[in-house]
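Can you read through this structure? Questions will come right after.
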Amino acid sequence: MTDTSTSTIASFHLLRYDTLGAMRHMAFDRPLLRRTDGLTFWRLLGTGRGRSMSLGADLRRWALYAVWRGPADLEEFLATSPIAARWRSEARESWHVRLTPIAARGAWAGRNPLPTEGGAGRVQGPVAVLTRASIRFSRLAAFYRSVPAVDELLRRQDGCLASIGMGEWPLARQATFSLWRDSASVRAFAYRGAEHQQVIERVRSHDWYAEELFARFIPYGSDGTWDGTDPLR
């Protein structure tokens, strides 16, 4: 039997505030996160207005992606961290989800923070997908020309429960987090959508990315709302 109390997990937290003053948390939360026990990797992220990596920014909505030594470390953070306490007291809306990694490839800041054993296989139920890319400066214009078609494809994709574009740095370091009804829906978007396939081919043939990470998870234990609802319920 696997000891799940010490198995690496990830989490995703999406916060919406009433004012632009929330931007200060991007600076003030960093020292607290560095000192958080059991937190092995984290990124504070601004969010875009589109469903994929887009130019428009929503300055009242922010995200945290985190990797934890085990589930107990995440629960301790949510129960006792002043960051989580502020989420509860100040955020107009918040959504949180625990994530069990099932496949990961690539790197983020020079390393893959997730276990990579095995593959995604056939997963019953919802799947979460994180994509992240550091875009070469010379390829920025071509990259952002491709975004509207992918955004439109996501809007039309029946199995996509929710999706959001995010940025670690303006323009050049972008990410998306998405929720899907099942693995088949992810494959349909990745391999059957002509617009997405064309973008993938251009990324590979023209070497758009200096670094990229692609990871899949089983989402569980969600709470709160994302644009008024919990997309997993």
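Keep in mind that the numbers below use all heavy atoms, side chains included, and drop hydrogens, waters and symmetry copies. Since the structure is predicted, the reported quantities are computational estimates derived from the model, not experimental observations.
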Criterion side chain to side chain contact (heavy atoms under 4.5 Å, CB included) on Arg187 and Trp180, from CA distance to verdict: CA-CA 10 Å; Arg187 289 193 296 272; Trp180 300 82; over 6 Å; no

Contact check, side chains of Tyr220 and Ile9, non-hydrogen atoms, under 4.5 Å: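 The answer is yes, as the side chains (C-beta and beyond) meet within the 4.5 Å cut-off.
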
Side chain to side chain contact (heavy atoms under 4.5 Å, CB included) between Phe77 and Ile83, intermediate numbers included: CA-CA 8 Å; Phe77 168 81; Ile83 295 175; 4.1 Å; yes

Minimal non-hydrogen separation, Val67 against Leu39, with atom names: O-CD1, 3.4 Å

Atom CE of Met23: over 12 foreign heavy atoms under 6.0 Å: no

Aromatic plane relationship, Phe177 with Phe12 - under 30° parallel, 30 to 60° tilted, over 60° perpendicular: parallel

Mutual orientation of the aromatic rings belonging to Tyr17 and His25 [parallel < 30°, tilted 30-60°, perpendicular > 60°]: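 Taking His25 first and then Tyr17, their aromatic rings sit tilted (interplane angle of 30° to 60°).
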
Arg233 side-chain N/O to Ser222 backbone N/O, donor-acceptor pair under 3.5 Å: yes

Backbone of Ala109 reached by a side-chain donor or acceptor of Glu211 within 3.5 Å: yes

For the student: nearest non-hydrogen atoms of Leu78 and Arg88, plus distance: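 Looking at all heavy atoms of both residues, the shortest contact is O-NH1, 2.8 Å.
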
Leu15 to His96 - nearest heavy-atom pair and separation: CD1-CE1, 4.0 Å

Closest non-hydrogen atom pair between Thr176 and Gly165, with its separation: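 Heavy atoms only, the tightest pair is CG2-CA, 4.2 Å.
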
Considering all heavy atoms, the nearest Pro126-Leu232 contact: CB-CD2, 3.8 Å

Exam field: side chain Arg98 to backbone Gly221, donor-acceptor pair closer than 3.5 Å: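 Yes; judged by distance alone, with no hydrogens or angles, the pair exists.
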
Test item: Trp226 and Val97 side chains (from C-beta on) under 4.5 Å apart, heavy atoms: no

Verdict with supporting geometry, Asp37 and Arg69, side chain to side chain contact (heavy atoms under 4.5 Å, CB included): CA-CA 9 Å; Asp37 189 44; Arg69 182 175 53 200; 3.2 Å; yes

Thr47 side chain near Arg16 side chain, heavy-atom distance below 4.5 Å: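 No, their side chains stay 4.5 Å or more apart.
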
Least distance between heavy atoms, Trp68 atom then Ser11 atom: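 Shortest heavy-atom separation between Trp68 and Ser11 comes out as NE1-OG, 2.8 Å.
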
Residue pair Leu130 / Phe217, side-chain heavy-atom distance below 4.5 Å: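 Yes. Closest side-chain heavy atoms under 4.5 Å.
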
CA sep, side-chain torsions, deciding dist, call: Phe41, Thr8, side chain to side chain contact (heavy atoms under 4.5 Å, CB included): CA-CA 11 Å; Phe41 182 88; Thr8 297; over 6 Å; no

Test item: Glu212 side-chain N/O and Gly106 main-chain N/O as donor-acceptor pair under 3.5 Å: no

